[in-house]
Amino acid sequence: MRLSKAFIPTLKEIPSDAVIPSHQLMLRAGLMRQLTAGVYAFLPLGYRAMLKATQIVREEMNAIGGQEFHLPALNPESLWIQTGRRNIPNFILSVKERDLVLAPTHEEVIAWIAAMHIQSYKDLPQIWYQIQTKFRNEPRPRSGVLRGRQFVMKDSYTLDTSYDGLDIGYDSHAQAYRNIFTRCGLKFFVVGASSGAMGGTGSQEFMVESESGEDTVVLCPKCGYAANLEVAASGIAKVSRAGDNKPLEEIHTPNVKTIDELAAFLKVDHTRLAKSLVYRHNGKPLLILMTGNDQLNESKLGAALGGGEFRAMEAEELKSLTGADGGSIGPVGLKGFRIIADERLEGANNLISGANRNDYHLGNLDLIRDTTIDGYFDLRTVETGETCTTCASPLKIANAIELGHIFKLGTKYSEALNASYLDENGQSKPVVMGSYGIGIERIIACAIEQSRDANGIIWDKALAPYQIHLIAINMSNKDIVLASNEIYRLLNEAALETLFDERANVSPGFKFKDADLLGMPIQVIVGEKGLKNNQVEIKVRRTGERSMIAREELLSTLKAMLSA
RNA sequence: CGGGGUGUGGCGCAGCCUGGCUAGCGCACCUGCCUUGGGCGCAGGGGGUCGCAGGUUCGAAUCCUGUCACCCCGACCA
């Protein structure tokens, strides 16, 4: 492509709306433009990178036996009502004029097709996938393409007769995903994840560590343990049980509101304090006991409660229900509450909790003697520096971007939409499904987040819109014009994707800055000095390394560099 | 949805508090000359209903009311 003819609108200045590096660079390098909040138009250069990514994904999906579909974005609303997903908050965008919705994902359509055509165990297993645009009603799009209302997703679905079959499909996806992200040149890791409202029995996320990421993950640098903070565990010690069990006593604690104040006031360790959090679960009062300042993890709470709605209780509600304020609530003598506790507190005694009376706490609390705990669960949020459950090394907490997510779905959608098959015994059974997604724009954004410098993007050759950026230093010099055009012809004949900066009246500095901003892996620079010696210059974008090469050796050198 | 911020040529911004001459600056763009190894120089030029709608006023980019859009923090995130 000749740059003088190309539509690649680069920006010298950073658009004020862009905050994270990938967003800034995608705009500056002319990859895309924002149309409205969370919706981007991909321009030719950006689309080329997207096509590179989708092709890699497609090849790896085909390699595990995936069959590509082209599915409708417009879906009948009724389909989503059948699976109960029509009314998930902030999920579906709908069409005003018809009872149609814009598909946010395709479990429903896949199950509908399966219901119609999968009849026998002989028809299974299947791997079906598509690479298409999805729509979601994001309340707050942000971070460029990382969280949009419209995005391209590869989603695939496994259809199996059994959970053993599902495991095979799931594992093959896990391997395909590793291949995909490795080929894209990304440094990624896999974490255990929450299945959330998708339902299902297991899930993992493929993550790229990034300050701009919206997910938080716990990592063990030593043994490789990695989990989403929503499900991560640590080896933090349980609260000990003391031998001598003293009787309950009421302690006057005037104006003590927080756990820190209480620990300071009583001069005791945080682990002796049982903090009470008050929620409503499906409308019913729920008391949650946590150790000291341990933070309740609402994802874990949701899992422990096994579904249903829950929310923290309002201050007035709490006061009217217990007669005390938030800082003085405790498990003893509390009527009408279900009580659960973090497993750190299991069987603990000599604790201090609120007395359900303002300005008083209870000492020498023994959870076994004095309370009825309805269950102990892992409810706490892991904190940095706590030890790894596997190898006892200190854990690290990092932000990350979710590139892909794989789920063992089970039969939720196949049951809702009657996707069933007859087994060997003529019994009708629901198809066992798995669901697997990859965000294509996120691949691009992560690649840029992970590989850039002050001057611009540094593309890996796998995703680079062009492999080579050919620069003619001075188009008023006939020798340079002849030589660079000849080189351009040569590279095209050799099928090396080349962007040729043959703009006249553009200074060398401008061309170099543009080339670094656009970030193609190799720059070939045709200048006066080199030509005198029948040489051209090669610059490696990533390292900045430059070398002079004899013109006859250019093609072979480039081929060697690009196949390395 | 709660909090904060911003809307002024294509981009980045100033002007607004304290209303008043012709709405300004940098970049980009057009023409000519010039220059060619890190975002050249000189000269000339085009382009803006100041987000939108009301209101106050002799007079509104500026003050008031409403509204819309976008960004950030939080909540949410299948």
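We name chains A, B, ... by the order of the sequence lines, and we start the count at 1 in each one. Since the structure is predicted, the reported quantities are computational estimates derived from the model, not experimental observations.
Judged purely by atom type and a 3.5 angstrom limit, A:Asp342 uses its side chain to pair as donor or acceptor with the backbone of A:Arg380.
The side chain of A:Ser507 contributes no N or O atom lying less than 4.0 Å from OP1 or OP2 of B:U36. Residue A:Arg140 has a polar side-chain atom (N or O) positioned under 4.0 Å from OP1 or OP2 of B:C72. The phosphate of B:C71 (OP1 or OP2) has no side-chain N or O of A:Ser16 nearer than 4.0 angstrom.
Side-chain atoms of A:Arg28 and base atoms of B:G39 include a donor and an acceptor less than 3.5 Å apart. A:Glu528 contributes no side-chain N or O that forms a donor-acceptor pair with the base of B:G37 under 3.5 Å. Checked by distance alone, A:Asn474 brings no side-chain donor or acceptor within 3.5 Å of a matching partner on the base of B:G37.
For the pair A:Lys529 and A:Glu537, the salt-bridge criterion is not met [side-chain N within less than 4.0 Å of a carboxylate O]. Salt-bridge formation is not detected for the pair A:Glu545/A:Lys539: no Lys NZ or Arg NE/NH1/NH2 atom is positioned less than 4.0 Å from an Asp or Glu carboxylate oxygen.
Of the candidate nucleotides B:C70, B:G39, B:G12, B:G39 has the atom lying nearest to any side-chain atom of A:Thr10. Of all nucleotides listed (B:C70, B:G12, B:C76), B:C76 comes nearest to the side chain of A:Arg142.
If you measure from atom CD1 of A:Ile480 to atom P of B:U36, you get 11 Å, rounded to the nearest angstrom. With rounding to whole Å, A:Asn297 atom CG is found 13 Å from B:A75 atom P. Distance, A:Glu138 CD to B:C76 C1': 9 Å, rounded to whole Å. One interatomic measurement links the two molecules: CD1 of A:Ile14 to C1' of B:C27, which rounds to 14 Å at whole-angstrom precision. The CG-P distance, from A:Leu27 to B:C70, rounds to 15 Å in whole Å. Here the P atom of nucleotide B:A75 and the CD atom of A:Glu298 are 10 Å apart, to the nearest Å. Distance CG (A:Asp17) to P (B:G12): 7 Å, rounded to an integer number of Å. Following rounding to the nearest Å, A:Gln34 (CD) and B:G10 (P) show an atom-to-atom distance of 17 Å.
Looking at heavy-atom distances under 4.0 Å, A:Pro104 makes contact with a base. Nucleic acid contact for A:Val19: sugar-phosphate only, since backbone atoms but no base atoms lie under 4.0 Å from a heavy atom of the residue. A:Asp516 comes within contact range of at least one nucleobase, with a heavy-atom separation under 4.0 Å. Base contact: A:Lys539 has a heavy atom under 4.0 Å from a base atom. As judged by a 4.0 angstrom heavy-atom cut-off over every strand, A:Ser143 is placed among residues touching the sugar-phosphate backbone only.
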inquiry  = Pair A:Asp453, A:Arg541 - check salt bridge (Lys or Arg N to Asp or Glu O under 4.0 Å), show working.
reply    = CA-CA 10 Å; A:Asp453 64 15; A:Arg541 174 66 181 91; 2.8 Å; yes
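Base pairing of B:G9 is not made with any nucleotide, judged by Watson-Crick or G-U wobble geometry with both donor-acceptor distances under 3.5 Å. If you check B:U35 for Watson-Crick or wobble pairing at under 3.5 angstrom, you find it has no partner at all. In this entry B:U67 has B:G51 as its Watson-Crick or G-U wobble partner, both defining distances falling under 3.5 Å. Under the Watson-Crick or G-U wobble criterion, with both distances below 3.5 Å, B:A61 is left unpaired in every strand shown. The partner of B:U22 is absent, by the rule that a Watson-Crick or G-U pair needs both atom distances under 3.5 Å.
Rounded to a whole angstrom, the distance from the C1' atom of B:C30 to that of B:C13 is 23 Å. Nucleotides B:A23 and B:U49 have their C1' atoms positioned 13 Å apart, rounded to a whole Å. Atom name C1', nucleotides B:G12 and B:C71: the rounded distance is 15 Å, in whole Å. The same atom, C1', is picked in B:U62 and in B:G51; the two are 16 Å apart, to the nearest Å. With both ends at atom C1', the span from B:C64 to B:G19 equals 13 Å, rounded to whole Å. Comparing the C1' positions of B:C70 and B:U31 gives an interatomic distance of 37 Å, to the nearest angstrom. Comparing the same atom, P, in B:A14 and in B:G37 gives a spacing of 37 Å after rounding to whole Å. Rounded to whole Å, the separation between the P atoms of B:C29 and B:C40 comes to 10 Å.
Exactly one of A:Trp128, A:Tyr129, A:Tyr157 qualifies for a ring pair (Phe, Tyr, Trp, His ring centres under 6.0 Å) with A:Phe69. That residue is A:Trp128.
No more than 12 heavy-atom neighbours from other residues, nucleotides or ligands sit within 6.0 angstrom of CD on A:Glu211.
Across the interface with RNA chain B, nearest-nucleotide mapping of A:Lys513 and A:Ala37 shows A:Lys513 to be the residue nearer the 5′ end. The nearest heavy atom of RNA chain B to A:Glu13 and to A:Arg149 marks one nucleotide each, and the one closer to the 5' end goes with A:Glu13.
The cationic group of A:Lys134 does not satisfy the cation-pi geometry with A:Phe151, failing either the under 6.0 Å distance to the six-membered ring centre or the 45° limit from the ring axis.
The aromatic rings of A:His23 and A:Tyr40 sit perpendicular, their planes meeting at an angle over 60°, well past the 30° parallel limit.
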